[in-house]
Undergrad: 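First the structure, then my questions, so here it is.
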Amino acid sequence: MQKINWLLKMAWRDSRRNRGRLILFISSIVLGIAALVAIDSFGENLRTDIGNQAKTLLGADIAISGTKAAESTTLALFDSLSTEMSTRYDFASMVNFPKQEKTRLVQVIALDGGYPYYGKFNTVPEYNEAQFQGGQHALVDKAIFTQFKIKVGDTIDVGEASFKVIGEIISVPGRSSIGSAALPSVYIPMAYLAKTQLVQIGSRVEYSYFLKTPETENPDSIAQFLKPQLEKKLLRAETVASRQAGVSRAFDSMNQFLNLVGFIALLLGCLGVASAVHIYIKDKLSTVAILRCLGVSGRQAFLIYLIQISIMGLIGAILGAILGGLIQQILPIIFQEFLPIENITTAVSYTAMGQGIIIGVVISILFALLPLLGIRKTSPLRTLRASFEESDSRFDPAKMLVYLLIALFVIGFAYLQIGDLIASVIFAVGVFLAFLILVAVAKIVMFLVRRFSPVGWSYVARQGIANLYRPNNQTLILIVTIGLGTAMIATLFFIQGLLLNQVALTGEGEQPNMIVFGIQPEDKNAVATLAKDYELPLLQQVPIVTIRLEKINGKDKKAMKQDSTRKISRWVFNREYRVTYRDTMTDSEKIIKGEWYGDMNDKDPDKIYISLSDRIADAMEAKIGDELTFNVQGVRMKTIVSSVREVDFTRMQTNFFVVFPTGILEEAPQFNVLVSRVPTMEVSAKFQQDLVKQFPTVSAIDISQILESVEDILNKVSFVIQFMAMFSILTGILVLISSVALSKYQRIRESVLLRTLGASRRQILFINALEYFALGALATLTGLLLSFIASFLLAIFVFQITFVPNLWGSLLVFIVITGLTVFIGMFNSREVLNKPPLEVLRSEI
Amino acid sequence: MLFICLEEIVLITTQNMSTILKVNNLTKTYNTDSNPLTVLNNVSFSLNEGDTFSIVGSSGSGKTTLLGLCAGLDRVSNGSVELNNIRLDDLDEDERAALRNKYVGFVFQSFQLIPTLTALENVMVPLELRGEKDAAKTAKDLLNRVGLENRHHHYPTQLSGGEQQRVSIARAFSNRPKILFADEPTGNLDEATSQKVEQLIFDLNKEAGTTLVMVTHDLELAAKTQRVLTLKGGKVISDVVN
C-alpha cells in the first residue's frame, strides 16, 4: 500500500512541470470520445423514442399495401376486422402551378377516412379532416411551398382537376423530410381522385389500406391471419411491431455508419496518444535513469508513468464524455430531416458516457503502452553517459502482446460498430497497411536524405534537411500521424465530391436531359409532334410493358425458396418489371455473355429469346439458355435467356433489366417514354406546361429537377457527413498540433544552442520552416496517395461509380495541411526566437 | 607517500577491516561493428568500509566504466564485483536497483537531479523508496546541513550549479549509504565552489563512515583520498596508498 502511495505521489510530482504537454496528450482523445458518446446517446434515445412513438410510425394498427387495388371481397374482409379503415393511393404525376406558371413531378396522395389514427398531420394552418375531405382541397409539401413560393389559397392543377391549397405539410406520421425532398407530396381527397383522370390502366399506383383494429384484438395476430390471403393478392401487411423493427434496423445501420465515422476520429486520437506519449517518454528517459540509480525498479518506473497517463486518459475521457453529452443535444436537430419520428429526446445517456469513459481510459493505456514499455529497460548507465542507448533488438513478448491487444481492439471495436467480422478485419488490415506504408515512406525518406544529402546547399538549408534524419528526428512520428490523418480526412472529402460529380456529369454534353413518361400509345405521335414543335430531338422513343416473373426453369417462388442450393433474392419474384422491346442495343449497353436476338418476326414463336442485364441475371442466378416464365398482364409467356448485357445505369436515359425482341409484346397494354434534350430551363418549363395541359396523364422530368432534388438530398447528407467528419478533422488537427508542439522539445535545445552560437532569427526560422515543410509535404503527399487508393476502392466496389482523382481538391488538402504543419511548427518556435537562450532552457525542462 | 606493490595492497586491505567492495579480474568488452573493444582488462582491487578511494586516468582510460560496473549500473563481461559481499552478476536489474537503494549513494558530474522535483523532493526519493516515515524531516536536515536552508522548494533549473551539486550530495547521503560513488563531482564547478563541494563530501563521508569511490581528473583531489588507482587503456598501471 505504501509503495502504491509513493508511486501515486511520484506520478503527481513528476506531472507538475509537464501539465501543458499532458494536456496536449489528452486533447487527442477528447473529440473521439465526444463523438462516440454523442452518437451512442443519440442512438439510445432514438431507440427509446422509436419504441414510444411506434404507433405514429404507421399511423394505424395494420397497413396493407400493394401495386394492385384490393378487390371488394378483400375490402369486406378488412372492414370486418377493423373498427375504422382509410384508403390511400400514391402515384407520381405532374402538377401544374398556374399562378407561378410552373409544373413539377410530385407524389400525388389521395386519401379518405380518418387516417392517421395515431399521430397527426402537422400542417400550417392546423389540419382539419372535415375541411380537407369536404371539397377539392389539397395539402402541399413544404418543399413545394419553398420552391415555388406558393401560398395557402392558391390553385393547383392535378390532372384534369383543380384543387385549392388549404395547408402546408410540415410533417406526416412515419415519413422523413428527406423522403419528401426527393419527391414532394400533394395530398388530395380520395373522393376527387377520379376527376383528375390520372389513374388509368397501366398506371403505377401504390394502394394502401390502413386499419384500426379493436383494442381487444392483437394486430399482429390479425396480420398473421391475413398473410396467406394477402400473398395471393400480391398485397403485404405491416403492423406497428414490424414497422418498428424495420425502422430500428434502418437506424441501427445509420448509427453504425455514424459510429464508424466517430471511430475514425477515435483512431486518429489513439495515434495522437501514441505519438504524444512517445515524445513525452523519450524526454523522460534521463529521469528514469536517475530513478533507477536511486533504486527504483523497472516496474516501479513504468508504473509511475502508466499512472500519469491513465489519470490523464481518465480526465480526457471524462471531458470527452461531457462534451459528447453536450453535442448530443444538437444531433436531433441535425438528423431531424432523416427521421420519421418527431421530438427526439435529448436525455443524457449515462450508459453511453460510462462506456465512453471506459473506452477512453482503455485506449489511452493501450496506445501509450508501446512507448511506456521502453521505460522498463531504461539503463541507469544513462546517468553516466548521456549518449547511452539501450539496444532494442531483443524480442520483447510484452510488446508483442500490446500489438496483439491493439489489433484485437481495432477489430473488436470495428465489429461492434459494423457487426460484420470480415468487414471489420478488412477495416483493421486497411488501417494497418496504411500505417505500414507511412512507416516505409518515412524510413525511405530518411535513408534517401542521408544518402543524397545536398552538399552544395547553404548551411541553413542543409541543416533543415538534415533534421529529417539526425538523432531526435521526428520524421517517423510526424509522417505517420499527419499522413494517416490526411488519408482519412481526404478520403471523406473525395468520396463526397465523387458522388456529387456523378450526378452533375449525367446531364452534361450531348447526353439526354429530359424524360417524358406515361405516354399512352394513342398519344405517342402527338407528344412527339409537340416535342418537334419545340425543336427538341427525339433521342429515344421507348415502349414499356409491365410484367411479373413467375418461374425460373419451371420453379416458382415457393419451390425456389425450398431449394437450399440456390440463394435467389426474394425480390426477383416480388417486383414488377418494366420491360421494353427493340431490335437493336443502345450505346449504354454491351453484350458480355450469349448472343443478342433483336427480332422475333421470322423465328419460332415458341422460343422467345430475351436479354437480361448482368445485375438481374446475378440476382436470378440465371444462365444463358435458362427458361424464365413471365406473367404479361395475365398472359403467361415462356422465354429463354439468350444474352446478358452490361448496362450503364447512371446515364439519363431508359435502361432495362429485361429486353424483349420485337414481334412479341407489341399488342400488350403499354405506355411510352420519350427521351430528349432541352436546351434551356426556360424551354423545359414551357414545354412541360404545354405537355401537362394537352396530356394530363403524361409526366416529364428533366435533369435540372433531378439535380435540384439530388443536390438538396446530398447537401443534407453531406452536411451530416461533414458534421461527423468534423470530429475526425478537428481530432486530426489536434493530433497535428500536439505532435508538432511536443516535437519542439526535441529541437529546442539545439535551436537555443544555435542562437547562442550566433545564428540569426531568420536562419533558425528558415531551418525550422524547411524541416516542417519537408515533413508536412511528405506526410500530406503520402496521405493523399493513400486516400486515392481508398477512394478508388470505395468508388469502384461500394458506390460503383467511376473514380476521377480530384486534383484541385488534392492541391487544396496539400496546401492546407502542409501550411498548417509549417504554421504550427513556426508558432511553437517563436519562444526560441523571441526569448534569451538561457531563459528558454530554464523554462523548458 | 608510501609506494607499495598491488599484491601487497590487496593483501593488506583484505586482512584488516570488513570488505565492502571486491573487484576480481574484472573485464568489460563492447561489441562494436568492427572488432570487440575491451575497455577494462583484468582489474582487481577491494575496499574496506570507511575507505576513501579515487580512480584517475586520462579520457577513455575506463574510469567511468569501472565506476558504473562497481555500482551495478552495467554488467561485467568477465570477472566479478561483490558489493557488501553480494555478487552483482548474480542479480537482475531490479535486484541491483534495490541493492543500490540500500547501500549505495551517487554524486554525478552533471548532478543528475530530477528536473520535475523540488530540491527537497529530490533528496526524499531514496528515503521514500525505503519506506522511511520521516523522509521529509531527514531530507530537510540534510539540505540544511549542505547549506540550502532557503532552497528546499526550488526546482533544479532555479538553482546554481554549486547548489545543484549540494542537493545531489544531500540526496547521496540521505539513505545513509555504505558506499558513495562520485563521478567527477567537481567537474562542472568553478574552483571556489569545487572546494566547498569537496569539503562537504569528505566531511559527510567522515561523519557517516561511508566508503568513498571517486572518479576524477583532478590529481589534487585524488590525493585527498587514502588510495589512488590509475588506469590507462583499461588496465591498472598503479595503485597507490597516500
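Letters go in sequence order (proteins before strands), and every chain restarts at 1.
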Undergrad: Whether A:Arg292 and B:Glu93 form a salt bridge (side-chain N of Lys/Arg under 4.0 Å from carboxylate O of Asp/Glu) is what I want to check.
TA: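 So B:Glu93 pairs with A:Arg292 through a salt bridge.
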
Undergrad: Under a 4.5 Å heavy-atom cutoff, which of B:Val215, B:Leu117, B:Val104, B:Asp183 has the most pairs with chain A?
TA: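 Answer, by heavy-atom pair count under 4.5 Å with chain A: B:Leu117.
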
Undergrad: How long is the span from the NZ atom in A:Lys9 to the CE atom in B:Met124, to the nearest 0.5 Å?
TA: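 It is 5.5 Å, given to the nearest 0.5 Å.
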
Undergrad: Check each atom of B:Arg171 against the heavy atoms of chain A and say whether the ones under 4.5 Å are side chain, backbone, both or neither.
TA: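 Side chain only.
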
Undergrad: Could you have a look at B:Leu99, B:Thr65, B:Asn175 and say which one has the most heavy-atom pairs with chain A under 4.5 angstrom?
TA: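 Going by pairs under 4.5 Å, I would pick B:Thr65.
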
Undergrad: Who wins among B:Asn101, B:Leu67, B:Leu113 for the most heavy-atom pairs under 4.5 Å with chain A?
TA: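 Most heavy-atom pairs within the cutoff with chain A belong to B:Asn101.
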
Undergrad: Among A:Leu294, A:Leu291, A:Val296, which residue meets the side chain to side chain contact (heavy atoms under 4.5 Å, CB included) test with B:Pro126?
TA: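 Of all the options given, the one that passes is A:Leu294.
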
Undergrad: CZ of A:Arg13 to OG1 of B:Thr116: how many Å apart, nearest 0.5 Å?
TA: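 Result: 10.0 Å between the selected atoms.
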
Undergrad: Flag the pair B:Arg96 / A:Pro380 as yes when at least one side-chain heavy-atom distance between them is below 4.5 Å, and no otherwise.
TA: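 They are not in side-chain contact.
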
Undergrad: Would you give the length of the straight line joining atom CD of B:Glu128 to atom CG of A:Leu7, rounded to the nearest 0.5 angstrom?
TA: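 Reported value, rounded in 0.5 Å steps: 11.0 Å.
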
Undergrad: Heavy-atom pairs under 4.5 Å with chain B - which of A:Cys293, A:Ala289, A:Gly298 has more of them than the others?
TA: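 Option with the greatest count: A:Cys293.
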
Undergrad: Could you look at A:Ile290 and say if it's the side chain, the backbone, both or neither that has a heavy atom under 4.5 Å from chain B?
TA: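 Side chain of A:Ile290 only, per the 4.5 Å heavy-atom cut-off to chain B.
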
Undergrad: Mind checking the CZ-CG spacing from A:Arg382 to B:Leu73? Nearest 0.5 Å is all I need.
TA: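 Rounded to the nearest 0.5 Å, the CZ-CG separation comes out at 13.5 Å.
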
Undergrad: Taking atom CZ of A:Arg299 as the centre, does the number of heavy atoms from other residues, nucleotides or ligands within less than 6.0 Å exceed 12?
TA: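 No, the 6.0 Å shell around CZ holds no more than 12 heavy atoms from other groups.
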
Undergrad: Pick one of side chain, backbone, both or neither for B:Ser174, based on which atoms fall under 4.5 Å of a heavy atom in chain A.
TA: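 The answer is neither part of B:Ser174.
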
